[in-house]
Protein chains: 2
Amino acid sequence: MASEPIRLSRSTTREGREKAIFEAARSVFAEFGFKGATTAEIAKRAEIPKANLHYYFPTKEALYRAVTEDVLTAWLEAASSFDESADPQEAIAAYIGAKMDMARADPIGSRIWASEILRGAPVIGDFLETTLLDWIKSRETIIRRWIKAGKLVPMEPRYFFYMIWATTQHYADFEGQMVALNGGKPLSNAQFEKAKAQVIETLLRGVLPAET
Amino acid sequence: MASEPIRLSRSTTREGREKAIFEAARSVFAEFGFKGATTAEIAKRAEIPKANLHYYFPTKEALYRAVTEDVLTAWLEAASSFDESADPQEAIAAYIGAKMDMARADPIGSRIWASEILRGAPVIGDFLETTLLDWIKSRETIIRRWIKAGKLVPMEPRYFFYMIWATTQHYADFEGQMVALNGGKPLSNAQFEKAKAQVIETLLRGVLPAET
DNA sequence: AGAAGAATTGACCGATTGGTCAAACTTATC
DNA sequence: GATAAGTTTGACCAATCGGTCAATTCTTCT
């Protein structure tokens, strides 16, 4: 009755192992931060010996960088959903929605970002000062154009983006707090969709001119 | 020319030492989280030998608990600024303002809170499930009353509070990101006041009924 | 089947971790 | 000024840290 040992190709196992280590690392870094994370704990969650982990990722820092770069990629994808061609209401709603969905789908990524910022952004600092700065500058231009056209209330675009980032990030980073306030249960899909709709509605009402 | 050694009373030095350790611990916990923080680093920032630290706080956890309880106290103080007797506009504006000021005055406290939530709130979990839950329930009642009276737009009060918490927390936790986007300089007082005003304005517009 | 390379792993390394301890020192009390 | 109590500190400890290494096992290719 003993089943034959399953044979896996080299490349398949390599991919699988790397992915397992990667996911384990994400969860550990999100929970404990870079300094608090240990390669032993990551190896344990990946269900491999620690020495094997160091075969795929030579150092803890290399692993952390890989994880972090992945988070940046996801961030850029969500950023692209802010569409200049659309009217403000559509563009802003789509962007908030995309950010909320991202926080829901990948809270761990958000937490890694948060903990990286908390420790002074030694790894993504460069990204913040270049790519992110460029992104927000170009979006500020769009928002200002809309304000001038009377399509949005006068305001400082940057602080508006901070509100969006803050709120969407919150749904990932403070999930633990929300769970505690929700009777120990995570937000259901229905609850989350309602929250998302309300966030969009409130922020839109907050920046759209009163209807005439 | 050698000045006499300054003599300090026992209780004075004790207070001073404890406070120095406490402040050093706050900054280290905020930066590295509980697990990433080391007593050696705390002692270094407090400018005392590590053994002396353990004389005042027997364990790292005891020190962390002391720091955390202090954060909770500050939180409760800000919470009390939400005044039931006032009209919604006043009450909400005052609460957001108080929260923003708190994030500005004590960003480290906010970061300790954030990193405690990130690791699953093992220490303040109890507080979340009791005091914080009670607080938000009672405030939800107030908000709902205002909604019924037509003073606020229909909404789920809880998600509104999440937006407030998210935004105010963001100004503390993501200060690093804001600095990077602000040409390497922290927000000036003027910038911060403008941001605060805009947050209040946007959120109020978001939940107040359109003027008739 | 056998050689060659890739992957796995237990044992191990020096450095750092949280914490202890006894000896020395300082302040308060009589 | 002597005794007691409170405080400070370097030396030290076992446990854990990130990382290494050589021996072994597995996969692929001829």
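Letters A, B, ... mirror the listed sequences (proteins, then strands); counts begin at 1. Given the structure is predicted, the values throughout are model-derived calculations rather than measurements.
- Proximity of A:Thr39 to the phosphate of D:dG18: a side-chain N or O atom is located under 4.0 Å from OP1 or OP2.
- Judged by distance alone, with hydrogens and angles left aside, A:Lys60 brings no side-chain donor or acceptor close enough to the base of D:dG19 to form a pair under 3.5 Å.
- The nucleotide whose nearest atom lies closest to any side-chain atom of B:Thr38 is, among C:dT17, D:dG18, C:dT8, C:dT17.
- For the pair A:Leu181/B:Arg158, a side-chain contact is recorded, criterion being any heavy-atom separation below 4.5 Å from C-beta on.
- Atom NZ in A:Lys50 sits roughly 14 Å away from atom P in C:dC12 (whole-Å rounding).
- Nearest-nucleotide positions on DNA chain C place A:Tyr55 closer to the 5' end than the other of A:Ala51 and A:Tyr55.
- Rounded to an integer number of Å, the gap from B:Lys44 NZ to C:dT17 C1' is 16 Å.
- Counting to the nearest Å, the P atom of C:dT17 and the CG atom of B:Leu53 are 13 Å from each other.
- Taking only side-chain atoms of A:Pro49, from C-beta outward, the nucleotide of D:dG18, C:dG10, D:dT9 with the closest atom is C:dG10.
- Using a 4.0 Å heavy-atom distance criterion, B:Ala43 is classed as making no nucleic acid contact.
- Straight-line distance from the CZ atom of B:Arg14 to the C1' atom of D:dG6: 8 Å, rounded to whole Å.
- Nearest nucleotide to the B:His54 side chain, out of D:dG19, C:dG19, C:dA7: C:dG19.
- Between the side chains of A:Trp113 and B:Gln177, at least one donor N or O lies within less than 3.5 Å of an accepting N or O.
- Taking the six-membered ring wherever Trp is involved, the centroid distance between the rings of A:Tyr95 and A:Trp135 falls below 6.0 Å.
- A donor and an acceptor atom, one from each side chain of B:Asn189 and B:Arg104, are located under 3.5 Å apart.
- Regarding B:Asn52, its CG atom lies at a distance of 16 Å from the C1' atom of C:dG18, rounded to whole Å.
- A:Lys35 places its NZ atom 11 Å from the P atom of C:dT16, with the value rounded to the nearest Å.
- At whole-Å resolution of the value, CZ in A:Arg17 and P in C:dA6 are 17 Å apart.
- Nucleic acid contact class of B:Ala37 (heavy atoms, under 4.0 Å, all strands): sugar-phosphate only.
- Across all strands shown, A:Phe57 has no heavy atoms under 4.0 Å from either base or sugar-phosphate atoms.
- Ring pair A:Phe82/A:Phe161: centre-to-centre distance below 6.0 Å.
- Between the CD1 atom of A:Ile21 and the P atom of D:dG19 there is a distance of 14 Å, rounded to whole Å.
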